[in-house]
Structure formats: structure tokens, C-alpha cells
Protein chains: 2
Amino acid sequence: MSKAKLLVVEDDPNLGDILKEYLEMKGYEPTLCRDGEEGWNKFKKDKYDLCLMDIMMPKKDGFTLAKEIKKVQDDLPILFLTAKNQKDDIIEGLRIGADDYITKPFSMEELLLRVTAILRRTQKSQEVTQLKVYKFGDFELHYDEQILDGPKGKHKLTSKENELLRILAAEMNKLVNRSHALKQIWGDDSYFNARSMDVYLSKIRKILKDDPKVQIITVHGEGFKLIVGDA
Amino acid sequence: MSKAKLLVVEDDPNLGDILKEYLEMKGYEPTLCRDGEEGWNKFKKDKYDLCLMDIMMPKKDGFTLAKEIKKVQDDLPILFLTAKNQKDDIIEGLRIGADDYITKPFSMEELLLRVTAILRRTQKSQEVTQLKVYKFGDFELHYDEQILDGPKGKHKLTSKENELLRILAAEMNKLVNRSHALKQIWGDDSYFNARSMDVYLSKIRKILKDDPKVQIITVHGEGFKLIVGDA
DNA sequence: TCAGCCCGTTAAATATTGTTAACCCTAATA
DNA sequence: TATTAGGGTTAACAATATTTAACGGGCTGA
């Protein structure tokens, strides 16, 4: 796990130095630029994880720089450092495309919170963006969306149907222990919950009829299997 | 909930008195010291929640005092009061482990903001960090402005809609527990509040129809998920 | 083989959630 | 002070989800 690289564009030399020192101290790798033009040059040379920039800067303002950067690398998160007395319409304009903003004067702690929040979010979305999908036969179970996409159209599933089918699909062609599934979904293996599960199995089987290759078979006294035969 | 104890070390008698009086008025329990040495003695005698200190002081300067304090109690947050443009002082202070700084002259409101921010942060360290802009699908939620910017225009949100959507957006693609959201927004999980939340969910879903990739899924008996599908 | 349990299915009963509209405040305005 | 507009809550009703009940068929072991 290497340090996150931050592009810091700030023309106030005091604040710039403070930012750089502070962010370094907190385990980041900041590159400080004094104006928008320098920021643009650094951006072209290297790859960054996050960009912090002032709005009002000589040579090239933050708004312009942000737009240019977004054109090249749309997913680079940008955190604007804005002055409090900035006109509303400017703020309005720069909202588009900014991932966040913080108004001066701000505390270092506030800034750090923002930076970590953005990085956490973007890093997460790089990993977990993939919504879970299970495929079996002509079906696709979109678990996160609670949708079963089959050969005869999409079926909206209820939460319980969704959970149950996911367990079966995850163990495709393998036995799913009855009691195990019950504990997973209902928390405990009781008579009524078991009957409930049977009701849902029945509903799911109805949908699965859309593809004759797919069926749920019962292993008496043991559990169930989602089996996928050949064409 | 007792008053937070503040150790205030400031050699300027005018500023010191003003600080003490103001902080008392705001419900804190400040102890005023005139120099670093006195500050050190008070620190040893009592337990404090936060320390505000000047840097340039007779007998023992702020840096020295801060270092000594940190050696004994590393987690005591320190807020430095620095003269304007003393960049090196600020950096040095942050390096020592100050949690924040504020440059003189400052307004009392400004100071209060810092103090409350630090105390809030240290008292409940597991606070959810709050961004100002949340993006999901073709939407941008501008939390501060209570505006949801979508593919078919901007929607002004009421504060409840705003809060609710923020919670969902912060946990994008993940389950948000019903009761948790209720406690966050309404303070308690009661029948009528729950019904109220359902009303707001309905309103939000109407707006989210502007982008078919985005939807709020119900997990029966559990909570909700803001789902962002693929194109 | 047959009693008894296990399971499949359907339907009814409950519980939870979705939606709309009426109602109640409060704060701004005339 | 009366009026109004907006936000929030409550009420009422609709739609779904889940559980329970009821009935019947099938499997299994004595």
C-alpha cells in the first residue's frame, strides 16, 4: 500500500507550505504548485489520486484548470479550496465536476477528513463498484438489485427470494443444507421458518420454469440443489 | 454531560480575559494561565479535554509546553493561537502534534467553531465524515445547498429529503439500516417517524426516476439501498 | 404396506411498505 | 393581525412481502 499522491495547487505561499508539510506528516505524498499553469504541467507529468486546488490563482484559475484536467482524466477527484466571499454564481459554476469543496479558512483537521473521505470513497468504488451477479443457465441473478433476469424477461424478487436464490446459486450443483439456509436467511431453524422457506422455493421454481435446463431438486431430509443441465 | 475543561495559556492579559469569559459563556470550563510555566503546573494538577495556547510566551514558550504535554498525554488535543503569517511556527506546531491552529486576530465565533469541531471529533471518534458533494449515477447531491442536480434539472430538497438522501448516498450500494437512518435524522425510531420517512423515500424515488440507472431498493424489514447500476 | 414425517402448493391472514392527500405548525408577508 | 406558503407529520388507503394455515402427495422406515 503506497502513499496516495496529491496534487496541491495553491498560490498563497504560506498556506501552500502549511498544506504540504501537514499532508506529508499525515502520510500523503503532496506535490505543491504555485499557480494553475504549474499545476497543469505537473498533472501532465504524473498520475495523482486527488487534486486540491485554490480557485483564484494567477495565470490559470482553478476553475479552468479543473475543466482541463477533467477532460483528460475524468475520474480524478478534485477538492476545491474556496474563499468564503466568493460570488454565488462562481460557486454555482464550479459545483459541476467538483467532488467536494471546503471554504477558507478551514482547519487542518477538516481538510484531512475531506481528503480521507474522498480517497476512501474513490478507492472503494474502484474495487466494489462491481455489483454482484450470479449466472446459471439462461438466468442472471442481480443480487444487489434484487432482479432475476431470465429468458422470458426480468423478475423483481422480494428480499427473501433474493437471499434464498443467492445461496442456491452460490452453491450451484452442490447440496445446500436446509438448516444452513434457514439460519442464513431467517436466523434460526424453526418449524414455521422452514415452512416459509418452502413457500419461497415454490415461488422460485415457478420462475425457473422459464429455462428447462435449470431446476431445484430436493434431497429429502437434507436440503436442496440448484442444478443446471446441458442444452 | 459535564462541561468540557479547557486549558487556556495566553500571556496577553486582555485576550486572555476575553477568551476566558467567552468560553465560560459558551458553556465550557476554561482555566486561564499567564505563561507556559503556569500552564504546565495546571496541566499536571488536572485533567483537560482541550488545550488552547499562544506560542510566544514568557518563561516557557508554547512549543516547549506542547512537547512536554504530549509526552505525558499524547491524545490531548492542542489548538495553537499564532500571530499572522508565522508560517514556520504553524508548521512547527503541526509537527509537534497540534490538532489545529488559528491565526490572530481571530473572531470569537471562529475560535468557537474550531473548539467545538475538535471536541466533537475527539469525543466521538467514529463520526461519519461528511462530504459536501455526493455523486451517484447522473446525480449530484449538494448537501450544503440542499440541491439535487440531476439529468433533468435541479431539484430543491427539503432538509429531511436532504438528510435522508445523504445517508443513502454515503453508503451507496450498501444497505442502510432503517432504524439507523431514523435515529440519525429524527433522533428516535418511532412508528410515526418511520411512516414519515417512508413519505420522504417516496418523494425521493420520484426524483430519482430521472435516471433509470439509479434506484432505491427496499430490503424488507431491514432497510434500504441506493443502487447505481451500469449504463 | 402404511403410519408418520417431510415437502409442495395454494390461499388466507398479518405485517410492512408505498402513495396521496389532508392537516398542523411556523415563519415570512401583507 | 390576518394571510399564505412551505415543510413536516398524520391519516387513510393501496400494494407488497412475509408468515401461517390448510390440504394433499410423496418418501421412508418399521
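Note that the coordinates shown come from a computational prediction; the quantities given were computed from them, not determined experimentally. In what follows, chains carry the letters A, B, and so on, assigned in the order in which the sequence lines appear, proteins first and then strands, with residues in each chain numbered from 1.
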Handout entry: Residues touching DNA chain D, which here means a heavy atom under 4.0 Å, drawn from residues 155-166 of chain A
Key =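 Close to the strand are A:T158, A:S159, A:K160.
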
Using the test side chain to side chain contact (heavy atoms under 4.5 Å, CB included), find all partners of [X] that sit at least two apart in sequence or belong to another chain.
| X | answer |
| --- | --- |
| A:P151 | A:D138, A:F139, A:D210, A:D211 |
| B:V199 | B:K203 |
| B:H220 | A:S159 |
| A:L175 | A:V219, A:E222, A:K225 |

Whole-Å distance separating the [atom1] atom of [X] from the [atom2] atom of [N]:
| X | N | atom1 | atom2 | value |
| --- | --- | --- | --- | --- |
| B:Y200 | C:dT19 | OH | P | 16 Å |
| B:I204 | C:dG18 | CD1 | P | 12 Å |
| B:D189 | C:dT17 | CG | P | 11 Å |

Handout entry: Which residues share a side chain to side chain donor-acceptor pair (under 3.5 Å) with A:E140, sequence neighbours left out
Key =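 Once residues adjacent in sequence are excluded, the partners of A:E140 under the side chain to side chain donor-acceptor pair (under 3.5 Å) criterion are A:H142.
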
Handout entry: Residues which pass side chain to side chain donor-acceptor pair (under 3.5 Å) with A:Y22, listed by chain and number, not counting sequence neighbours
Key =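 If we apply the side chain to side chain donor-acceptor pair (under 3.5 Å) test to A:Y22, skipping adjacent residues, there are no hits.
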
Exercise for the section: Look at A:D99 together with A:K70 and state whether they make a salt bridge at an N to O cut-off of under 4.0 Å. Expected result: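 Salt bridge: yes.
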
Practice task
Using the heavy-atom set of chain B and a strict 4.0 Å cut-off, write down the first and last nucleotide of DNA chain D that makes it in, 5' to 3'.
Solution key: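 So the contact region on DNA chain D extends D:dG7 to D:dT18.
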
May I have the list of side-chain donor-acceptor pairs in residues 187-196 of chain A shorter than 3.5 Å, sequence neighbours left out?
from, atom 1, to, atom 2, distance (Å)
A:D188, OD1, A:N193, ND2, 2.9
A:D189, OD2, A:S179, OG, 2.9
A:S190, OG, A:N193, N, 3.4
A:S190, OG, A:N193, ND2, 3.2
A:N193, ND2, A:D188, O, 3.2
A:R195, NE, A:D198, OD2, 3.3

Handout entry: Residues forming a salt bridge (charged side-chain N to carboxylate O under 4.0 Å, His left out) with B:K5, sequence neighbours excluded
Key = B:D46

Handout entry: Ring-face cation contact, B:F106 with B:K104, 6.0 Å cut, 45° max
Key =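 Not satisfied by the 6.0 Å and 45° rule.
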
Exercise for the section: For A:K174, look at atom NZ and say whether over 12 heavy atoms of other residues, nucleotides or ligands are found less than 6.0 Å away. Expected result: no

Practice task
Run the numbers on A:Y143 and A:E163 for side chain to side chain donor-acceptor pair (under 3.5 Å), then give the verdict.
Solution key: CA-CA 8 Å; A:Y143 176 73; A:E163 292 293 333; 2.6 Å; yes

Check nucleotides 24-27 of chain C for protein N or O atoms closer than 3.5 Å to its own N or O atoms and list the pairs.
none

Short N/O separations, protein against nucleotides 5-8 of chain C, under 3.5 angstrom:
from, atom 1, to, atom 2, distance (Å)
C:dC7, OP1, A:G221, N, 3.1
C:dC7, OP2, A:R178, NE, 3.2
C:dG8, OP1, A:R205, NH2, 2.4
C:dG8, OP1, A:T218, OG1, 2.5
C:dG8, OP2, A:R205, NH2, 3.3
C:dG8, N7, A:R195, NH2, 3.0
C:dG8, O6, A:R195, NH1, 3.4
C:dG8, O6, A:R195, NH2, 3.0

